[in-house]
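Each remark here refers to the structure printed beneath this line.
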Amino acid sequence: MLSRLLPERNIHFTSSTLTWREAITQVAAPLLEAGDITPEYIRAMLDSVEAGGTYIDLGHGIALAHARPEHGVVRTGIAMLRLAEPAALLDQPEHAVDLYFCFAAADADAHMRAMASLARILSDADTRQALRDAASAPEVVELITEFEESE
């Protein structure tokens with residue numbers, strides 16, 4: 001499931017130092033460019049974090065930015081952004097994140113299936129570390145595909 005929703009074109013790496021707002025905006029950019037989300041969706045994600053939404057911090061330096069479908073999801077999709085330097089959510093050091101995912105689900109069924117797939121991958125310590133260590137989009141896609149095939 002995740003391998004279909006996270007194509008190479010949605011996986012990016014940056015050496016730029018970003019704020020958490022810039023990181024969320026950049027991780028969502030491929031979905032916006034593809035027409036999967038509207039600009040309203042990005043604003044909704046930023047507003048959610050600004051309202052105290054450090055709940056998107058999954059631990060291990062990973063965050064899953066998302067908002068409700070009615071805030072601008074056109075099609076279900078996922079994007080990933082790996083930062084060279086962490087961008088702490090709400091500028092709080094305890095929420096330092098250097099691996100951002102943007103998740104947009106068009107409906108509840110797509111939400112549950114995609115979240116379950118991502119949760120399985122991120123809960124596997126070896127695969128999670130391999131994702132963190134990956135240096136290219138093809139490498140990320142290969143890791144996810146291999147993980148899904150081994151299940």
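As the structure is a computational prediction, the values presented were derived from the model and not from experiment. Excluded from the calculations below are hydrogen atoms, water molecules and symmetry mates; all remaining heavy atoms, backbone and side chain alike, are included.
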On a heavy-atom basis, the closest approach of C102 and Y41 is SG-CE2, 4.4 Å
Check whether S16 reaches the backbone of L18 with its side chain - one donor and one acceptor, N or O, closer than 3.5 Å.
no
Drop me the distance from S136's OG to H12's NE2, to the nearest 0.5 angstrom.
12.5 Å
Neighbour count >12 (heavy atoms, 6.0 Å) for atom CZ, R68:
no
Which atom pair, heavy atoms only, marks the closest approach of L83 to T14?
CD2-CG2, 3.4 Å
Sub-4.5 Å side-chain heavy-atom contact between F147 and L143:
no
Distance from H71 atom NE2 to H66 atom NE2, nearest 0.5 Å?
11.0 Å
Nearest non-hydrogen partners of A67 and A44, listed with the distance
CB-CB, 3.8 Å
Hey, any chance L2 and I62 share a hydrophobic cluster, counting ILVMFWY side chains that come within less than 4.5 Å of each other, even indirectly?
yes
What I'd like to find out is whether the side chain of I37 reaches to under 4.5 Å of the side chain of V74, using heavy atoms alone.
no
For residues L32 and P39, determine if any side-chain heavy atom of one lies less than 4.5 Å from a side-chain heavy atom of the other.
yes
Would you find a donor on one side and an acceptor on the other, under 3.5 Å apart, between the side chain of N10 and the backbone of I78?
yes
According to a hydrophobic-cluster definition based on side-chain heavy atoms being under 4.5 Å apart (Ile, Leu, Val, Met, Phe, Trp, Tyr only), do L6 and L31 belong together?
no
Going only through I, L, V, M, F, W and Y residues with side-chain contacts under 4.5 Å, is there a path from L99 to M115?
yes
Enter the distance from I56:CD1 to W20:CH2 here, rounded to the nearest 0.5 Å.
8.0 Å
State, yes or no, whether a side-chain contact exists between L58 and V97 at a heavy-atom distance under 4.5 Å.
no
Applying a strict under-4.5 Å side-chain criterion to I, L, V, M, F, W and Y, I'd like to know whether L5 and L131 cluster together.
yes
Using the benzene-type ring in the case of Trp, are the ring centres of Y55 and H95 under 6.0 Å apart?
no
Can you confirm whether E85 sits close enough to D98 that some side-chain heavy atom of one is under 4.5 Å from a side-chain heavy atom of the other?
no
Below 4.5 Å, heavy atoms only, C-beta onward: do M80 and Y100 meet side chain to side chain?
no
What are the two closest non-hydrogen atoms of A63 and L89, and how far apart are they?
CB-CD1, 4.4 Å
Answer yes or no: is there an ion pair linking E50 with R43, defined by an N-O contact shorter than 4.0 Å?
yes
Grab the two heavy atoms, one from L81 and one from Q26, that are nearest each other, plus how far apart they are.
CD2-CB, 3.8 Å
Counting N and O atoms only, with roles assigned by atom type, does the side chain of T76 sit under 3.5 Å from a partner on the main chain of A106, one being a donor and the other an acceptor?
yes
Side-chain donor/acceptor of T25 to backbone N/O of R21, under 3.5 Å:
yes
Looking at R132 and H60, would you say the former's side chain and the latter's main chain have a donor-acceptor pair under 3.5 Å?
yes
Please find the pair of heavy atoms, one from A28 and one from I42, that lie closest to each other, and give the distance.
CB-CG1, 3.7 Å
Would you say S3 and E148 are linked by a side-chain donor-acceptor pair, where the criterion is simply a distance under 3.5 Å?
yes
So does T19 get a backbone contact from the side chain of E22, meaning a donor-acceptor N/O pair under 3.5 Å?
yes
Judged by atom type as modelled, is there a donor-acceptor pair below 3.5 Å linking the side chain of E139 to the main-chain atoms of A135?
yes
Do V27 and F103 belong together in a cluster built from hydrophobic side chains that touch within less than 4.5 Å?
no
